[in-house]
Amino acid sequence: MNRIWRSIVGKLWITILLLVSFVLFVFTILMLEFLENYHKEKAEQSLNQTASTIASIVDKYNLEHLADEIIEEMLPEDTNALLVSPDHLVVSAFQTGINKVEIQESIVNSKDFNKIYESNKPIIKEMILPSQIEDDKMESYFVLSYPLKSEDALHGAIFIYQNPTALHKTSQKTTKIVFLSAFIAFVLTTFFAFFLSSRITWPLRKMREHAFELAKGKFDATLPTTQNDEIGQLAMAFNQMGRQLKHHLEVINQEKEQLASVLTSMTDSVITFNRDRTILLSNPPADRLLQKWFLRKKSQGDSPIPIEIYEMLEHVLDFEDKLEEDIEMDGSYYRITISPLKNSQQSIRGAIAVIRDMTEQLRLEKLRSDFIANVSHELRTPIAMLQGYSEALLDDVVTEEEERNEMIRIIYDESQRMGRLVKDLLDLARMESGHTTLYKEDVSAVHVLERITQKFAQVAKEKHVNLKFKSSLSEDVMISLDEDRIEQVLTNLIDNAIRHTPENGSVTVSLDQEFSYAKIQVADTGEGIPQEDLSFVFERFYKADKARTRSKGGTGLGLAIAKNIVEAHKGNIKVDSTVGVGTTFTFHLPL
């Protein structure tokens, strides 16, 4: 029920109903007033006409000779008459109902009619007299006094009054007619109001449902446009609005997807900040960077943004200026660019930060410069020796054949060293570029490692180093590998271990199984590598012993090549060392 009153149908119905009721109310009051005055005038005219007729008859005939039947026939229904002599006595009374005597006395004794006995003009008054129907009830009557024998100085009079019941009946009938009309108008008004409102509200309800569908994102629904009026035009506008919303949302979603794709595919970290310094948006590289910063802080309450970036953000938001800086944080190097974001009113609504991790780039730059320097250093010495000894031979500085052969041998050794250096550089470049092809075969892991170890038995014996091999695997365990490449790895590791192990030391090659991997270790009791150098031992040309002699050193590329070979076999290699205790190289190969 409350839904009807709150709807347009109920409101329109109530409005029309109140309007019609107000019009009928005013019309009824005016009509009743008009009919009452009209009936009063008609009653006065009727009474005056009746009194005039009776008076003319009485004037021609004496009252004694005038039969009462004649006067009764002349009186209309519900009309009463009194014939009064000049001495105020009732000669004849023509009355109906009760309280006749009281009515006679009230009329005859009324001072308002005293002049009628001396005047020739009728007098009409409205009087309150006893009812002719009910006891102890007073009613309003119209009483007309008309002179009889008006040519005499003192004459009689006829008093005529009408029962007000007739007037009341007429008013009641009129009121019934008016109320019947009001009821019919109420029914018709209700019918037409609901009919009219249904023609209006049904499309409006459909538009409301359509609007809710649009709010839910369902833009394919359409409204019927059967009407050509304003409501039909509104339905057409709703349909067009739905199509436009669908089009604009598709465009926005496409732009959003493109922006998300761009942000996701970027290698740089992008973070969007709100005006209150909170993070609104970040791409995956930025998420990983924020997580990295947060884990380094090891505090749940700290902000994930480092203080350096926060200070840059404060500067950009306060001064509305773009800022670009290179900063170093926790051993990492970043190039940070922060620009202000503005809304349509050109006021600052936030900032966007683009963070590029320059650590790897700087490391590669350093490696490149170190590589050039190391290659230059490694080539400079043999080239200088080749040039010097060659000039000595050309200038015949050496006259003895033994010295001459020694110089030729040194020239040959240095050329061999330069050849090995170039070969190692080419091998390393080929491995790092992914152009190395592995020729894997299923071989016995124990036999392969034991054979490679035994190659260095004589060298270890000459160096007075105890070289041994041990394995916890059976000889039937097979492993898929490129035997030549793995031999190159072990040759490098065992040779390094023997060269850096003093006399009476030991080098142990061991083979074990760890989960689904073969664990190979080369452990020595040599000089050891300082802790700060452990993370660099697999880099090209890196030498932990900066003061070692040339006879003890190699090309500086062996460990870098070994790492690439192991990783090409889907394995990994690591080193553990303690200065003065020894070094252990461990690499794993999948079984």
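Quick caveat, the model's predicted, so the values are computed rather than measured.
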As an exercise, state the distance from [atom1] of [X] to [atom2] of [Y], rounded to the nearest 0.5 Å.
X	Y	atom1	atom2	answer
Lys246	Arg243	NZ	CZ	10.5 Å
Glu365	Met358	CD	CE	8.5 Å
Leu591	Leu473	CG	CG	7.0 Å
Lys570	Leu589	NZ	CG	13.0 Å

Would you indicate whether the side-chain heavy atoms of [Y] and [X] approach each other to under 4.5 Å?
X	Y	result
Phe273	Ile352	no
Glu255	Val251	yes
Ile336	Met312	yes
Asp326	Tyr333	no
Arg451	Glu483	yes
Val477	Ser444	no
Arg275	Arg349	no
Ile486	His569	yes

State whether the side chain of [X] and the backbone N or O of [Y] hold a donor-acceptor pair below 3.5 Å, judged by distance alone.
X	Y	result
Gln513	Phe515	yes
Asp533	Ile529	no
Thr453	Phe469	no
Asn283	Val270	yes
Thr584	Ala523	no

Looking only at heavy atoms, what is the nearest atom pair of [X] and [Y], with distance?
X	Y	result
Met329	Pro306	SD-CB, 3.6 Å
Leu313	Ala351	CD1-CB, 3.6 Å
Leu467	Ala457	CD2-N, 4.0 Å
Ser474	Val446	O-CG2, 3.5 Å
Gly526	Pro502	CA-CD, 3.7 Å
Ile498	Ala460	CD1-CB, 4.1 Å

For the [atom1] atom on [X], are there more than 12 heavy atoms of other groups (residues, nucleotides or ligands in this structure) within a distance under 6.0 Å?
X	atom1	result
Lys322	NZ	no
Glu514	CD	yes
Glu360	CD	yes
Gln291	CD	no

Step-by-step side-chain contact (heavy atoms from CB on, under 4.5 Å) determination, Ser332 to Lys292:
CA-CA 11 Å; Ser332 299; Lys292 174 183 175 182; 3.5 Å; yes
Residues in side-chain contact (heavy atoms from CB on, under 4.5 Å) with Asp276, at least two apart?
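Per chain and number, Asp276 pairs via side-chain contact (heavy atoms from CB on, under 4.5 Å) with Asn274, Thr278.
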For residues 503-512, which side-chain N or O atoms pair as donor and acceptor with protein atoms under 3.5 Å away, sequence neighbours left out?
| unit_1 | atom_1 | unit_2 | atom_2 | d |
| --- | --- | --- | --- | --- |
| Asp512 | OD1 | Ser472 | OG | 2.7 |

Test side chain to side chain contact (heavy atoms under 4.5 Å, CB included) applied to Ile355 and Ile271, Asp268, Leu290, the passing residue:
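When side chain to side chain contact (heavy atoms under 4.5 Å, CB included) is applied between Ile355 and each of Ile271, Asp268, Leu290, only Ile271 qualifies.
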Criterion side chain to side chain contact (heavy atoms under 4.5 Å, CB included) against Thr525, the qualifying member of Thr501, Val581, Asn466, Val465
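Exactly one option meets the side chain to side chain contact (heavy atoms under 4.5 Å, CB included) with Thr525, and it is Thr501.
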Taking 4.0 angstrom as the limit, do Asp524 and Lys468 come out as a salt bridge?
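No, Asp524 and Lys468 are not salt-bridged.
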Before accepting this row, confirm whether a basic side-chain N of the pair Lys470/Glu450 lies closer than 4.0 Å to the acidic partner's carboxylate O.
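A salt bridge is absent here (no side-chain N lies under 4.0 Å from a carboxylate O).
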For [X], which residues count as a ring-ring contact (aromatic ring centres under 6.0 Å, His included) partner, sequence neighbours excluded?
X	result
His247	none
Tyr412	none
Tyr334	Trp293

Within the 3.5 Å criterion, strictly below it, is a donor on Gln521 or Thr586 matched to an acceptor on the partner's side chain?
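Side chains of Gln521 and Thr586: pair found under 3.5 Å.
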Classify the side-chain pair Asp357/Thr359 by whether it contains a donor and acceptor separated by less than 3.5 Å.
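Yes, because at least one side-chain N or O of Asp357 sits under 3.5 Å from a partner of the opposite role on Thr359.
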Scan the side chains in residues 488-496 for donor-acceptor partners under 3.5 Å anywhere in the protein, sequence neighbours excluded, and list what turns up.
| unit_1 | atom_1 | unit_2 | atom_2 | d |
| --- | --- | --- | --- | --- |
| Gln488 | OE1 | Arg485 | NH1 | 3.3 |
| Thr491 | OG1 | Glu487 | O | 2.6 |
| Asn492 | OD1 | Asn496 | ND2 | 3.0 |
| Asp495 | OD2 | Arg499 | NE | 2.9 |
| Asn496 | OD1 | Arg499 | NH2 | 2.4 |
| Asn496 | ND2 | Asn492 | O | 3.3 |

Please lay out, stage by stage, how Ile348 and Lys342 fare under the test side-chain contact (heavy atoms from CB on, under 4.5 Å).
CA-CA 5 Å; Ile348 296 296; Lys342 297 183 179 180; 3.8 Å; yes
Please test Glu325 against Arg335 for side-chain contact (heavy atoms from CB on, under 4.5 Å), starting from the C-alpha separation and ending with a verdict.
CA-CA 6 Å; Glu325 287 187 7; Arg335 177 166 295 169; over 6 Å; no
